[in-house]
J.: 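Pasting in a structure now, in structure tokens, and then I'll have a few things to ask.
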Amino acid sequence: VSSAQTLNRPIWLNSASGYVQVIDQRRLPHKLVIADLKTVDDTIHAIQTMYVRGAPLIGVTGAYGVYLAALTAPASDAADHLEAACAKLKAARPTAINLAWAVDRVSALVQTAADWPAKIALAREEAGRIAEEEVANCRSIGQHGLALIKPLAAQKQGPVNILTHCNAGWLACVEYGTATAPIYAAAAAGLDVHVWVDETRPLNQGSRLTAWELGQADVPHTIVTDNAGGHLMQHGQVDMVIVGTDRTTHTGDVANKIGTYLKALAAHDNDVPFYVALPSSTFDWALTDGLAQIPIEERDPDEVRLVAGLQDAVEREVLVPPATSRAANYAFDVTPARLVTGFITERGVCAATPEGVAGLFPEKIKS
Ligand code: MRU
């Protein structure tokens, strides 16, 4: 995948064709495959089958999906087509709020255009704007997170050990990442950092994607099994945890990749700071009880039963359990606010409380 070294974004508009292109993340780290998204159905398929994944990227992809729906709308019932396409896009994956947020934002703007060519242009521009905003958000998250890592680096000899779960890197976020942005910023500032990468079963976003990203950036890292975090924390091997999130209530509850909650419990028990890095597009400003209200996606059990990898230079999938055993595939869990040390946002770091979040984003809170 050497040519991937020249890529630093997982999605872009091909200005020559007018179509959208994405890295097919299912094939990483072993193959770099670029896929064309030409229609809204291509887009929905790419989101559901996880060519693209990660909350901010799903949002940007959904935004471009609205553009593609407008671009390919049949003249006879263009408005109905667009409305139905937006509803289908928003339902493609339920947990990450960025998807509905971005689709609603683009479709609301499109309504304001007078004619169809203007709608297409507005949708394309707004999707691009959202992508650039997420890049800027991630860059700021990196700087605010760096301020948390610096004191840890100053008070210890040897590397600051940061544990992360899933992939909240540039592959999930357009550039820099959310959870990885402070790590990249620390490495760029010359701090000695080492990352414990949870492999993140069943789809191995950690061992496939985060490890690949960190390797490309020459950041020292070690892949561990999802269950190793507690042991590492008990033995003083983790200085902080930073994870991303798919949806976080403004009251502080965090939905993220399944297994995040167990890391938060272990961090709490071992006095290890547990931070969640997120842009404002991932806050849910309506919900107040994450455990009761955030929809948790259940995916195909075959993702649990089958493991994919490379054998003799050929990509293969193998069956692990008995062929007749049932499997269940809960994709996310909710970490209650009380287990979260703080949020790292584009506007700074705050407590995982309604007051902490409102302090940074007062304009979002309805009185
Ligand atoms: O199922 P995925 O790979 O889309 O899940 C992604 C995650 O859980 C990430 O941690 C989350 O979206 C944050 S990405 C910045």
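Atoms within a ligand are numbered from 1 in the order they appear, just like the ligands themselves.
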J.: List every atom of ligand 1 that sits less than 4.0 Å from any heavy atom of Phe332, numbering the atoms from 1 in the order shown and giving each element.
T.: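 Those of ligand 1 that fall under 4.0 Å from Phe332 are 1 (O), 5 (O), 8 (O).
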J.: Would you check if Ile162 and Asp239 make a side-chain contact, meaning some heavy-atom pair closer than 4.5 Å?
T.: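 Not in contact.
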J.: With the threshold set at under 4.0 angstrom, would you say Ala96 reaches ligand 1 through any of its heavy atoms?
T.: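 The answer is no: ligand 1 sits nowhere under 4.0 Å from a heavy atom of Ala96.
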J.: Which of the atoms of ligand 1 are close to Lys257, meaning less than 4.0 Å from one of its heavy atoms?
T.: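 Counting from 1, the qualifying ligand atoms are 1 (O), 2 (P), 5 (O), 8 (O).
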J.: Could you say whether the N/O atoms of His165 and ligand 1 ever approach to under 3.5 Å?
T.: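 Not met; the criterion fails.
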J.: Would you call Glu317 and Arg305 a salt bridge, taking side-chain N to carboxylate O under 4.0 Å as the test?
T.: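 No salt bridge links Glu317 with Arg305.
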J.: Considering heavy atoms of the protein only, find what lies nearest to atom 11 (C) of ligand 1 and give residue, atom and distance to 0.1 Å.
T.: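 Going atom by atom, the protein heavy atom closest to atom 11 (C) of ligand 1 ends up being Asp246 OD1, 3.3 Å.
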J.: For Arg53, is at least one N or O under 3.5 Å away from an N or O on ligand 1?
T.: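 Such a contact does occur with ligand 1.
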J.: If we set the cut-off at 4.0 Å for heavy atoms, which region of Thr245 has an atom near ligand 1: side chain, backbone, both, or neither?
T.: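 Backbone only.
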J.: Under 4.0 Å from a heavy atom of Pro56: which atoms of ligand 1 are those, numbered in the order shown and with their elements?
T.: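 Counting from 1, the qualifying ligand atoms are 14 (S), 15 (C).
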J.: Can you tell which of Thr245, Asp246, Asp333, Val334 makes a side chain to side chain contact (heavy atoms under 4.5 Å, CB included) with Val254?
T.: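 The passing option is Thr245.
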J.: Take a 6.0 Å sphere around CD of Glu363 and say whether it holds more than 12 heavy atoms from other residues, nucleotides or ligands.
T.: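 Yes, because the 6.0 Å sphere around CD of Glu363 holds more than 12 heavy atoms from other groups.
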J.: Answer yes when Arg139 and Glu175 have at least one side-chain N-carboxylate O distance shorter than 4.0 Å, and no when they do not.
T.: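 Salt bridge absent between Arg139 and Glu175.
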J.: By number and element, which atoms of ligand 1 are closer than 4.0 Å to a non-hydrogen atom of Ala55?
T.: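 Those atoms are 12 (O), 14 (S).
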J.: Among Glu125, Lys119, Arg124, which residue meets the side chain to side chain contact (heavy atoms under 4.5 Å, CB included) test with Leu122?
T.: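 Going through Glu125, Lys119, Arg124 one by one, the side chain to side chain contact (heavy atoms under 4.5 Å, CB included) with Leu122 is satisfied by Glu125 alone.
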J.: Closer than 4.0 angstrom: is that true for some heavy atom of Glu297 and an atom of ligand 1?
T.: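 No, Glu297 has no heavy atoms under 4.0 Å from ligand 1.
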J.: Please identify which of these residues, Asn204, Asn167, Leu171, meets the side chain to side chain contact (heavy atoms under 4.5 Å, CB included) condition with Thr210.
T.: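 For Thr210, the side chain to side chain contact (heavy atoms under 4.5 Å, CB included) test succeeds with only one of Asn204, Asn167, Leu171, which is Asn167.
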J.: Could you list the atoms of ligand 1 found under 4.0 angstrom from a heavy atom of Ala172?
T.: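 Answer, ordered by atom number: 14 (S).
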J.: Atom 10 (O) of ligand 1: which protein heavy atom is closest, and how many Å away?
T.: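 Closest protein heavy atom to atom 10 (O) of ligand 1: Asn256 OD1, 2.7 Å.
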J.: Is it true that the NZ or CZ of Lys263 lies under 6.0 Å from the centre of Phe274's six-membered ring and within 45 degrees of the ring axis?
T.: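 Relative to the ring axis of Phe274, which defines the angle, Lys263 lies outside at least one limit.
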J.: Just which atoms of ligand 1 are under 4.0 Å from any heavy atom in Arg93?
T.: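 Contacts of ligand 1 toward Arg93, numbered from 1: 1 (O), 2 (P), 4 (O).
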J.: Which ligand 1 atoms does Cys173 reach within 4.0 Å, using its non-hydrogen atoms?
T.: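 Once the distances to Cys173 are compared, the set is 15 (C).
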J.: Less than 4.0 Å between a side-chain N and a carboxylate O, is that true for Asp41 and Lys88?
T.: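 Judged by the 4.0 Å cut-off on N to carboxylate O distance, Lys88 and Asp41 do form a salt bridge.
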J.: So, do Arg93 and Ile58 sit near enough that their side-chain heavy atoms are less than 4.5 Å apart?
T.: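 When only atoms from C-beta onward are counted, Ile58 and Arg93 do touch, with a gap below 4.5 Å.
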J.: Which atoms of ligand 1 have any heavy atom of Gln205 under 4.0 Å away?
T.: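 Selected atoms, number and element: 1 (O), 2 (P), 3 (O).
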